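This structure is a prediction, so every number in the text was calculated from the model and none was measured. Read the numbers this way: they start at 1 and go in the same order the structure lists the ligands and their atoms. Sequential numbering from 1 along the given sequence is applied to the chain's residues.
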Amino acid sequence: MLRLTSAGESHGPALVAILTGLPAGLLLDRAAIDADLRRRQQGYGRSPRQQLEQDEVEVLAGLRHGKTLGTPLALVVANRDHKNWTWGMSPWPPEGEPHGKGTKPVTLPRPGHADLAGVLKYGHDDVRNALERASARHTAVHVAAGAVAKALLRELGVEVAGIEVEIGGVSGADEMRAAMDAAKSDRDTLGGIVEVRATGLPPGLGSYASRDDRLDGRLAAALMGIQAVKAVEIGDGLDLARRRGSDAHDEIEPGLKRRSNRAGGLEAGMTNGEELVVRAAMKPLPTLMKPLDSVDLATGDAAQALVERSDVAAVEALAVVAEAAVAWELARVATEKFGGDTIGDLVAAHRAYLDRIPWAPR
Ligand SMILES: Cc1cc2nc3c(=O)[nH]c(=O)nc-3n(C[C@H](O)[C@H](O)[C@H](O)COP(=O)(O)O)c2cc1C
């Protein structure tokens, strides 16, 4: 069973992920992982922090000469910005006079962020103790894990790709940029919608046997696990609720081909052999340069929320993060079905299954 554990604060020394359950012998390409990390950082509405970071993956364990060993794979993405926060984000009691960033407690919770509920829940008197982990910075290491998952899926002929389809209610590159420019000049933020598609998936990944086995539920949980994602749609999703049955399903033709793909490649919690199509909706980012009303937790008085360097929109980044989350979940469900201690075992079991069923990749 593939598992992923991550740790790391936004301005701490580094982000860490440990991936267990990977088969041995999977060839990884460092440049491909770093390319996905760069894709996550690019995007029109992002803050200057992205230029500062230039993420790269380091591997501390589980890999030898580019091939997995079948042991836990330890990935690290350093936070280059930590050099400006060494006192403020020191894991141990800091020495010397306070210097750099993060030296003063934050007491102005931002509506829409982890700040208020986070400090109440964990008993913090500095909002930073909540926001540092709640921040989406650690999606970087999840993107690295997603690149590993994509390498595994590629061995099975599966490709996964995410793209932004709407930002601030408009689609089309020029319109999206114009919306972000307008929001920036108003010191406001935007959300949007991303779409992830996966091709080459055989029918029968996931199951209707139990609620937890349903791949539609697992994909929804994976996507809703990403910061700021507030809705997930599979295939024609919400729109299906407004149609008749005769206009909602995908009729089957000889050769087991479908006339349409309204189900988005999933029926009864299983892949059905068609392209997987899922969408995730992101709310506007909660850190506004023109801050929302809040309360100063130190005094209880009305105040304006924290203003910290922040993106206008991160929908393009979400497309990469969502792609990684879907890839990870698909790699999990594929390894559950096909198993094996080596990548060769996995590929052989996949091949034997394809030989048993009348389905060919399309
Ligand atoms: C890739 C990505 C980048 C984000 N960047 C920011 C940001 O710069 N500023 C911000 O306020 N929120 C940002 N967020 C959203 C917050 O992390 C999120 O709204 C917050 O953690 C509260 O969680 P919730 O929105 O799921 O309720 C980003 C989210 C993602 C996925």
Exercise for review: Give me the one residue out of D125, N129, L297 that meets side-chain contact (heavy atoms from CB on, under 4.5 Å) with V119.
Suggested key: L297

Check your understanding: Would a distance-only check, ignoring hydrogens and angles, find a side-chain to backbone donor-acceptor pair under 3.5 Å from R187 to L288?
Key -> no

Review point. Honestly curious: do V277 and I226 fall in one hydrophobic cluster under the side-chain, below-4.5 Å linking rule?
Key: no

Exercise for review: Return the orientation label for the W85 and H11 ring planes: parallel under 30°, perpendicular over 60°, tilted otherwise.
Suggested key: parallel

Revision key, fill the gap. Heavy-atom contacts under 4.0 Å to ligand 1, chain-then-number order, include exactly R46, G112, H113, A134, A136, I226, Q227, A228, K230, M282, K283, L285, P286, T287, S310, D311, A314, A317

Review point. L256 versus W359: any side-chain heavy-atom pair under 4.5 Å?
Key: no

Review point. Got L131 and R110 here, is their nearest side-chain heavy-atom distance under 4.5 Å?
Key: yes

